[in-house]
Amino acid sequence: MKRRYFGTDGIRGQSNIFPMTPDLAMRVGIAVGTIFRNGDHRHRVVIGKDTRLSGYMLENAMVAGFTAAGLDVFLLGPIPTPAVAMLTRSLRADIGVMISASHNPYQDNGIKLFGPDGYKLSDAIEMQIEELLDSDLSTQLAKPADIGRAKRVEGDIYRYIEQAKRTLPRDVTLQGLRIAVDCANGAAYKVAPLALWELGADVVTIGAEPDGRNINLECGSTHPETLQRKVHEVRADIGIALDGDADRVQIIDENGKIIDGDQLMAVIAESWAADGMLRGNGIVATVMSNLGLERFLKGRGLGLERTKVGDRYVVEHMRQNDYNVGGEQSGHIVLSDFGTTGDGLVAALQILACVKRSGKTVSEVCNRFEPVPQVLKNVRVKAGAPLEDASVLQAIADAESELAKNGRLLIRPSGTEPLIRVMAEGDDRAQVERIVDELISVIGAVRNAA
């Protein structure tokens with residue numbers, strides 16, 4: 001069955017335009033409530049959101065759906081995605097919901113769903129929801145006496161703050177560090193500055209004045225140049241850039257250089273391996289992670305397992321194979337000892353622990369390897385299947401043969417747009433750029449001929 005609503009990370013789209021309409025949000029509430037309404041106990045759902053204007057609309061629509069299905073709703077307000085995952089388990093809820101489009105602009109929004117174990121739903125359950133969404137949901141409504149209640153929960157962000165703080169090793173404080181943190185005018189605008197300050201840091205905060213329309217606007221992990229300027233301005237030791245729902249992070253060193261997720265995973269893996277904490281003798285990352293990371297880990301006797309793009313696939317592989325460190329180049333870092341999903345604040349705290357213990361600067365600690373030149377370009381495809389064309393297949397085979405052991409080729413359709421992504425990496429940048437351009441040309445010719 002082809003997916004109509006769910007993408008790689010829940011349901012996402014432009015607010016008030018299908019599928020992100022209040023009607024569908026209500027139907028999601030009914031459908032999800034129906035699936036998780038098992039047993040005779042009172043069922044409950046927790047709903048968090050980021051700071052988008054449309055969050056109010058979608059939140060109320062989902063309350064209507066869940067209560068109509070007979071579930072009690074706990075409204076958490078603006079709160080990071082990892083906090084929703086944590087509170088789903090802590091409050092013994094049957095389902096957790098995060099209303100957010102992550103790093104997208106405010107016009108977009110999305111619905112992320114977590115099971116009672118705090119993990120994102122499986123493909124199989126998402127398909128069940130898809131089937132129900134296109135069915136007659138009137139038969140699934142609760143009886144009048146069984147309609148659910150809704151209440152707003154105050155103070156539960158402090159549960160998350162305390163959990164995040166406990167992930168910092170006991171022998172480490174942040175005293176003596178000046179930290180600039182960019183909250184992206186998003187879900188962590190209260191949480192992150194307070195947690196860092198309580199751990200002893202001198203905190204300089206930007207991106208903490210949400211107005212419904214400025215989430216991720218020229219700030220946060222997708223626009224780190226704002227934080228780079230602030231780090232220089234206040235002479236900070238480190239900059240921490242979160243995204244709109246705080247499940248990803250980018251670090252800025254004291255010189256203003258961006259440290260991406262690959263470097264962060266290298267730091268954490270090396271540190272945890274030295275402390276005997278690293279499980280699986282390696283980490284899990286996606287096909288987009290740099291070849292330099294793989295070589296760095298191999299040089300220390302550690303492995304790198306790759307999955308397709310999407311932090312949910314990283315988490316699935318980690319769970320199935322008992323790894324406790326994984327993530328994406330974009331800054332989704334999953335540390336399963338501490339949580340069930342990417343957590344920007346917790347990942348930043350692990351980096352801060354390494355910095356404090358070493359007594360070195362962030363630039364010395366976090367530049368673990370030299371990235372291999374990597375080139376990524378897109379080809380827009382309106383119809384047809386150019387990747388099945390004989391000339392394209394031959395061109396791909398020739399490129400793979402040319403790169404051989406000195407590089408890597410990745411060609412994949414986008415999961416969210418009508419694009420084919422062509423990525424190559426290798427030690428010779430000129431060679432990599434030429435290979436990508438040649439493949440783009442071949443695929444483009446087939447597309448135009450179709």
Side-chain angles (χ1 to χ4, degrees), residues 48 79-90 96 98 100 102 112 114 118-120 156-174 177 179 181-184 186-201 203 220-221 238-251 259-261 263-269 271-272 275 277-279 283-285 311 314-315 318 323-328 330-357 362 365-366:
I79 194 168
T81 288
V84 172
M86 183 271 285
L87 288 167
T88 300
R89 292 181 299 166
S90 178
M98 179 64 181
S100 173
S102 192
K112 301 181 183 184
F114 296 90
Y119 287 97
K120 291 178 181 177
D156 271 38
I157 63 169
Y158 300 108
R159 289 199 196 194
Y160 170 70
I161 289 174
E162 288 305 312
Q163 180 195 338
K165 286 164 56 181
R166 284 197 296 270
T167 67
L168 193 71
R170 291 188 177 184
D171 64 323
V172 176
T173 76
L174 303 185
L177 283 181
I179 299 175
V181 59
D182 184 348
C183 302
Y189 79 100
K190 292 181 180 178
V191 168
L194 183 56
L196 295 168
W197 180 81
E198 289 182 353
L199 288 168
V203 182
S221 63
I238 187 173
I240 299 171
L242 304 170
D243 70 339
D245 67 335
D247 66 351
R248 70 164 72 180
V249 64
Q250 295 223 37
I251 296 296
I259 311 294
D260 69 11
Q263 296 282 0
L264 301 183
M265 287 188 284
V267 173
I268 294 170
S271 172
W272 284 25
D275 291 342
M277 293 175 56
L278 188 68
R279 296 202 306 274
I283 69 172
V284 181
D311 65 310
V314 171
V315 172
M318 291 173 65
Y323 287 85
N324 61 347
V325 176
E328 296 186 281
S330 60
H332 282 115
I333 309 296
V334 183
L335 306 173
S336 61
D337 287 1
F338 304 135
T340 58
T341 189
D343 191 324
L345 176 58
V346 167
L349 289 175
Q350 299 310 301
I351 299 300
L352 287 165
C354 293
V355 170
K356 286 290 289 186
R357 281 175 162 174
V362 175
V365 170
C366 291

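The first residue in the sequence is number 1, and the count goes up from there.
A donor-acceptor pair is defined here as one N or O able to donate and one able to accept, closer than 3.5 Å; no such pair exists between the side chain of Asn324 and the backbone of Ser336. Put simply, the side chain of Thr167 never gets that close to the backbone of Phe338: no donor and acceptor are under 3.5 Å apart.
Taking 4.5 Å as the limit, some side-chain heavy atom of Val191 sits within range of a side-chain heavy atom of Pro80. Side-chain contact between Arg357 and Asp171: present, with at least one pair of heavy atoms (C-beta onward) separated by less than 4.5 Å. Side-chain contact between Ile251 and Gln263: absent, with no pair of heavy atoms (C-beta onward) separated by less than 4.5 Å. Contact annotation: the side chain of Ser271 never approaches that of Gln350 to less than 4.5 Å [non-hydrogen atoms, C-beta and beyond]. Residues Leu174 and Leu168 meet the side-chain proximity criterion, which asks for heavy atoms closer than 4.5 Å. At a threshold of 4.5 Å between non-hydrogen side-chain atoms, the residues Ile240 and Leu196 count as touching.
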message: Apply salt bridge (Lys or Arg N to Asp or Glu O under 4.0 Å) to residues Arg248 and Asp311 and explain how you reach the verdict.
response: CA-CA 10 Å; Arg248 70 164 72 180; Asp311 65 310; over 6 Å; no
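With sequence neighbours excluded, no residue forms a ring-ring contact (aromatic ring centres under 6.0 Å, His included) with Tyr119. Residues meeting the side-chain hydrogen bond (donor to acceptor under 3.5 Å, both in side chains) test with Arg279, sequence neighbours left out: Asp322, Asp337.
Of the candidates Asp245, Asp343, Thr341, Asp245 is the only one forming a side chain to side chain donor-acceptor pair (under 3.5 Å) with Thr81.
Closest non-hydrogen pair, Thr340 versus Gly118, comes out as OG1-O, 2.5 Å. A pairwise comparison of heavy atoms in Leu349 and Ala164 identifies CD1-O, 3.2 Å as the closest pair.
Listed by first then second residue, pairs satisfying side chain to side chain donor-acceptor pair (under 3.5 Å) with a partner in residues 190-201 read Lys165-Glu198, not counting sequence neighbours.
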